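In what follows, a single structure is set out as structure tokens and then discussed.
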Amino acid sequence: MKLLLTIIVYFIYLFYIPGQNYLEYYSKINHAKSLIIDSNYQHAALLYYETFEEFDFEYARDCINAFEIALAIGEDSLTIYFAEQALRRGVPFSYFRNKQETQNPTSTKHWERLEKDSLFFQNEFQASINIEIRNEINTMFALDQEIRKQYYNWWNFLFRPIIDRKWKKTNLKQVNRIMEITKEYGFPGEQLIGIDLPTYHHKVNPFQFSAGMPIILFIHHYSQPNSSYDFILLEEVFNGHIHNEHFATICDFEAEFGKNKHEIMGYYGLKHHPKRYQQDDFKEKRKQIGLLSNSKFQELNKTNLITKFWNQLK
């Protein structure tokens with residue numbers, strides 16, 4: 001029944017979703033990654049370029065991977081292009097300067113110009129996101145982390161049941177609010193609120209380059225059985241409002257800790273999987289949301305050319 005529902009929803013969104021369908025975006029990025037596996041770096045870089053030109057929005061992590069490939073093969077024009085795209089997605093210029101100095105120290109003219117333009121791109125990034133919702137998500141995350149800290153303090157063990165109830169109540173309220181935002185603006189992912197920055201919270205990894213805060217809140221929500229929003233979030237995957245890896249992560253936590261109490265999409269095998277599990281058990285299911293198979297990810301893990309963002313929780 002779950003598989004049938006998934007297939008039905010998939011085809012509904014595939015043919016009737018308004019605007020750009022990000023399943024095609026994910027598929028093209030996956031093709032580029034497959035070319036990287038085959039050491040066809042030139043073709044991969046060109047495919048990243050074509051994809052970014054075709055779609056209105058590209059994820060920061062994809063910009064980084066494309067930049068890394070172009071830099072490795074010495075394609076200066078593409079390297080600068082991908083760096084510019086990443087700057088527009090909130091990645092700080094310092095990241096690219098460090099990469100350029102260590103891997104291509106002789107090419108300076110373009111980098112000097114890019115550094116001058118970086119403030120413009122930073123302002124463009126800030127203007128492209130919803131600041132009010134970003135601040136609201138930051139506040140939610142800070143509160144979540146504060147309660148979490150209280151819960152795991154060893155000297156608080158006598159009060160953990162009380163703190164646990166507070167945490168669950170707060171988390172439910174936060175997730176409900178996120179779904180209200182989703183219905184009005186779309187899921188508060190990278191398109192809406194941009195990537196998480198270290199200035200937002202001290203626990204943000206400066207090299208994370210994604211909108212991970214809402215995902216952490218959902219992971220905490222689904223560390224126990226709770227009502228599912230899978231079909232709403234699936235539509236957001238095709239809209240490009242929530243990254244397909246983030247969606248699969250949420251579904252995996254639901255499946256792992258949901259105790260079959262709610263109708264859900266089930267495992268995608270990205271962060272959790274059943275005990276009896278073969279490497280590509282979810283190959284076709286992953287394909288429906290534009291997610292690479294586990295065997296492909298394992299092949300990508302063997303390359304040192306690109307950052308392996310898919311191994312990160314958020």
Side-chain angles (χ1 to χ4, degrees), residues 22 26 57 59-62 64 89-90 129-130 133-148 167-168 170-183 185-198 200-224 226-258 264-273 286 289-292 297 307-314:
Y22 268 73
Y26 301 128
F57 172 87
Y59 286 95
R61 291 178 167 187
D62 295 328
I64 296 294
R89 299 294 161 239
I129 65 176
N130 190 312
I133 295 178
R134 163 46 80 180
N135 290 336
E136 189 175 357
I137 295 296
N138 290 352
T139 300
M140 289 185 195
F141 183 75
L143 179 58
D144 174 85
Q145 293 300 299
E146 179 59 32
I147 299 174
R148 183 184 184 278
W167 197 2
K168 289 176 180 176
T170 300
N171 178 260
L172 179 60
K173 183 178 179 180
Q174 291 176 336
V175 168
N176 287 341
R177 174 57 186 148
I178 289 175
M179 294 313 299
E180 289 177 0
I181 292 170
T182 300
K183 291 173 183 177
Y185 300 99
F187 187 85
E190 201 173 320
Q191 281 202 53
L192 187 63
I193 64 173
I195 62 174
D196 301 336
L197 298 173
Y200 297 156
H201 195 274
H202 69 274
K203 281 198 171 182
V204 172
N205 184 329
F207 305 110
Q208 175 182 310
F209 303 136
S210 74
M213 288 184 180
I215 309 308
I216 292 297
L217 297 179
F218 269 86
I219 286 173
H220 290 167
H221 189 63
Y222 290 120
S223 294
Q224 58 192 328
N226 273 310
S227 298
S228 177
Y229 297 106
D230 285 356
F231 290 108
I232 297 174
L233 296 181
L234 179 62
E235 181 178 1
E236 296 301 286
V237 171
F238 295 133
N239 279 323
H241 294 156
I242 180 172
H243 197 280
N244 58 358
E245 291 177 19
H246 283 169
F247 173 75
T249 297
I250 290 172
C251 289
D252 280 357
F253 272 83
E254 282 188 279
E256 184 73 6
F257 303 106
I264 58 177
M265 293 291 192
Y267 289 103
Y268 282 86
L270 190 64
K271 300 302 177 184
H272 291 289
H273 50 74
R286 285 187 178 197
I289 62 169
L291 189 65
L292 279 175
F297 277 131
T307 302
K308 302 169 180 63
F309 292 113
W310 52 89
N311 290 332
Q312 300 180 20
L313 182 64
K314 56 191 183 300

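Quick caveat, the model's predicted, so the values are computed rather than measured. When a residue number appears, it is its place in the shown sequence, counting from 1.
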Practice item. Say whether Asn130 and Arg134, considering side chains only, have a donor N or O and an acceptor N or O under 3.5 Å apart. Key: no
Review point. Between Asn244 (side chain) and Ile289 (backbone), is there a donor-acceptor pair under 3.5 Å?
Key: yes
Practice item. Rounded to the nearest 0.5 Å, what's the gap from CD1 on Ile216 to CD1 on Ile250? Could you check? Key: 10.0 Å
Exercise for review: Classify the side-chain pair Asn176/Tyr229 by whether it contains a donor and acceptor separated by less than 3.5 Å.
Suggested key: yes
Practice item. For Ala255 and Gly266, work out which heavy atoms get closest and say how close. Key: CB-C, 3.9 Å
Point to revise | Intermediate values then yes/no, ring-ring contact (aromatic ring centres under 6.0 Å, His included), Phe253 and Phe218 | key: CA-CA 9 Å; Phe253 272 83; Phe218 269 86; over 10 Å; no
**Study point:** Any donor-acceptor pair under 3.5 Å from Arg286 side chain to Tyr268 backbone
**Key:** yes
Point to revise | ring pair (Phe, Tyr, Trp, His ring centres under 6.0 Å) involving Phe309 - partner list, sequence neighbours excluded | key: none
Check your understanding: Could you state the interatomic distance from CD (Glu190) to OG (Ser210), rounded to the nearest 0.5 Å?
Key -> 7.0 Å
Exercise for review: For the residue pair Phe297 and Leu291, establish whether any side-chain heavy-atom pair is separated by less than 4.5 Å.
Suggested key: yes
Check your understanding: Judged by atom type as modelled, is there a donor-acceptor pair below 3.5 Å linking the side chain of Glu236 to the main-chain atoms of Phe187?
Key -> yes
Check your understanding: OG/Ser228 to OH/Tyr222 distance, rounded to the nearest 0.5 angstrom?
Key -> 5.0 Å
Review point. Using a distance-only test with no angle check, is there a side-chain donor-acceptor pair under 3.5 angstrom linking His220 and Asp144?
Key: yes
Practice item. Identify the heavy atoms of Glu245 and Leu270 that sit nearest to each other, and give their distance. Key: O-CD2, 3.4 Å
Review point. Looking only at heavy atoms, which two atoms of Asp196 and Gln208 are closest? And how far apart?
Key: OD2-NE2, 3.0 Å
Point to revise | Min side-chain heavy-atom separation Val204-Leu197 under 4.5 Å | key: no
Point to revise | Short side-chain to backbone donor-acceptor contact, Arg177 and Ile137, under 3.5 Å | key: no
Review point. Shortest non-hydrogen contact from Ile193 to Pro214?
Key: CD1-CG, 4.1 Å
Point to revise | Counterpart residues, salt bridge (charged side-chain N to carboxylate O under 4.0 Å, His left out), relative to Asp62 (two or more places apart) | key: none
Review point. Does Lys308 reach the side chain of Trp310, with side-chain heavy atoms less than 4.5 Å apart?
Key: yes
Review point. Side chains of Glu254 and Met265: closer than 4.5 Å at any heavy-atom pair?
Key: no
**Study point:** N/O donor-acceptor pair under 3.5 Å between Lys271 side chain and Gln312 backbone
**Key:** yes
Exercise for review: Count the heavy atoms belonging to other residues, nucleotides or ligands that lie under 6.0 Å from NZ of Lys173, then report whether that count exceeds 12.
Suggested key: no
**Study point:** Test log, rule side chain to side chain contact (heavy atoms under 4.5 Å, CB included), inputs Cys251 and Ile264
**Key:** CA-CA 8 Å; Cys251 289; Ile264 58 177; over 6 Å; no
Exercise for review: Spell out, as yes or no, whether a donor-acceptor pair under 3.5 Å connects the side chain of Asn239 to the backbone of His241.
Suggested key: no
Review point. Hey, does the side chain of Gln191 reach the backbone of Gly240 with a donor-acceptor pair shorter than 3.5 angstrom?
Key: yes
Check your understanding: Do Tyr59 and Phe57 have ring centres separated by under 6.0 Å?
Key -> yes
Point to revise | Ile178 vs Met140 side-chain heavy atoms within contact, under 4.5 Å | key: yes
Check your understanding: Is a side-chain N or O of Asp252 found less than 3.5 angstrom from the main chain of Gly269, in a donor-acceptor match?
Key -> yes
Exercise for review: Report yes if the side chains of Thr182 and Ile242 come closer than 4.5 Å at any heavy-atom pair, otherwise no.
Suggested key: no
Point to revise | Ring centres under 6.0 angstrom apart (Phe257, His272) | key: yes
Review point. Does a donor on one side chain sit under 3.5 Å from an acceptor on the other, for Tyr267 and Glu256?
Key: yes
Check your understanding: In chain order, what residues pass the ring pair (Phe, Tyr, Trp, His ring centres under 6.0 Å) check against Phe141, with sequence neighbours excluded?
Key -> His201
Review point. His221 and Ser227: which non-hydrogen atoms are nearest, and at how many Å?
Key: NE2-O, 4.4 Å
Check your understanding: Are any non-hydrogen side-chain atoms of Tyr185 and Ile133 less than 4.5 angstrom apart?
Key -> yes
Check your understanding: What are the two closest non-hydrogen atoms of Gly194 and Ile129, and how far apart are they?
Key -> N-CG2, 3.5 Å
Review point. Any side-chain heavy-atom pair from Lys203 and Gln145 closer than 4.5 angstrom?
Key: yes
Point to revise | Rounded distance [0.5 Å steps], CE in Met179 versus CD1 in Ile232 | key: 4.0 Å
